[in-house]
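Before any comments, here is the structure.
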Amino acid sequence: MTQPVRSVIDILDLSPEELDRLMDTAEDIIARPERYREACRYKKLAALFFEPSTRTRLSFEAAMHELGGAVLSVTDAAASSAAKGESVADTAKTVSCYADIIAMRHPKEGAALVAARNASIPVINAGDGGHCHPTQTLADLLTIRREKGRLSNLTVGLCGDLKFGRTVHSLINALSRYEGLNFVLISPEELKLPSYVKNDALKARGIPYSQTTDLEAVIGNLDILYMTRVQRERFFNEEDYLRLKDSYILTPEKLKKARPDLSVMHPLPRVNEISVAVDDDPRACYFKQVLNGKYMRMALILMLLNLQPA
Ligand code: NCD
């Protein structure tokens, strides 16, 4: 019997039990990489990236290579048939003829969902506009579990562009299913968390949260500080971007007020939000997130292709 095709468009497509299993698989990959070297032999991942990316695309590609599979890539929308006016639906049907699984990044919210509805192979959303970014959340969850030993009972500060930052939306959705979470939303007035995320993830579940514009006033209360870049490409005018881009800059000085066991996270790329001097602080976790992202993407590819290691 053939298995139904399963896609991951939203982090909520994965149950907390499945997230646990993915994190356990990632830990096993870290401990015993040799078991996984042939797991995706003869399988192909199509990386369809219609928006800039370094980490997400390369980590999907590295993940597939480390599983013994092959990669087909679109890295430039202008060089693909999208530039001729091809729809996402037709692209998905076409790529289903060549590959076994798709990772898609697209500037339009909902593009990955349209792809999944039209593809005959699994589709992984690698970021759709300002909406969501579930595989960054997989990287974030493994990082939190490794750093803190738990995903429950945490005070999580999210700072920066909470409006357009898709990694923030997916992370809040994922964490809202664990016990004892408390969110501190730190942003300029103009870049507050969209009400659909606030209503669906926080208010509907009765999860405590507070909102502030002042990072320094709250930094001492946090277990996790998740910094984000102001998303220039989603702004309607450059003036607003220039006014808001340096709203928050984390420095060693500001970190003096933080707990010694704080974890500083960032999905990257960083622009100015974290001074380079913070990188040597043992609380800085953002490059660990990068590595964890590769292992979680390996685990997700295996799950969606129903493959087992040797
Ligand atoms: C993020 C994204 O693309 O949303 N980057 C990433 O995938 N790690 C964050 C960002 O671009 O600011």
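In listed order, ligands and their atoms are each counted from 1.
Taking atom 9 (C) of ligand 1 as the reference point, the nearest protein heavy-atom neighbour is L268 O, 3.5 Å. Taking atom 11 (O) of ligand 1 as the reference point, the nearest protein heavy-atom neighbour is R229 NH2, 2.8 Å. Looking at atom 3 (O) of ligand 1, its nearest protein heavy atom turns out to be R166 NH2, 2.9 Å.
Between Y196 and H131, the ring planes are tilted. Angles from 30° to 60° get that label.
Near P267, meaning under 4.0 Å from one of its heavy atoms, ligand 1 places the atoms 8 (N), 9 (C). Using a 4.0 Å cut-off to heavy atoms of Q136, the atoms of ligand 1 that qualify are 6 (C), 8 (N). Residue contact check: T56 has heavy atoms under 4.0 Å from atoms 6 (C), 7 (O) of ligand 1.
Ligand 1 is approached by Q231 to a heavy-atom distance shorter than 4.0 Å. Not a single heavy atom of G127 sits less than 4.0 Å from an atom of ligand 1.
With sequence neighbours left out, F164 forms a ring-ring contact (aromatic ring centres under 6.0 Å, His included) with F235. Looking at residues two or more places apart in sequence or on another chain, you find a ring-ring contact (aromatic ring centres under 6.0 Å, His included) between H106 and F50.
Residue contacts with ligand 1 for T228 are absent, since no atom lies close enough (heavy atoms, distance under 4.0 Å).
The shortest distance between side-chain heavy atoms of H169 and D200 does not fall below 4.5 Å.
Atom CD of E179 is surrounded by 12 or fewer heavy atoms from other residues, nucleotides or ligands within 6.0 Å.
Counting all heavy atoms, side chain and backbone alike, L305 lies closest to P122 at CD2-CG, 4.5 Å.
With hydrogens and angles left out, the side-chain atoms of N221 and T155 include no donor and acceptor closer than 3.5 Å.
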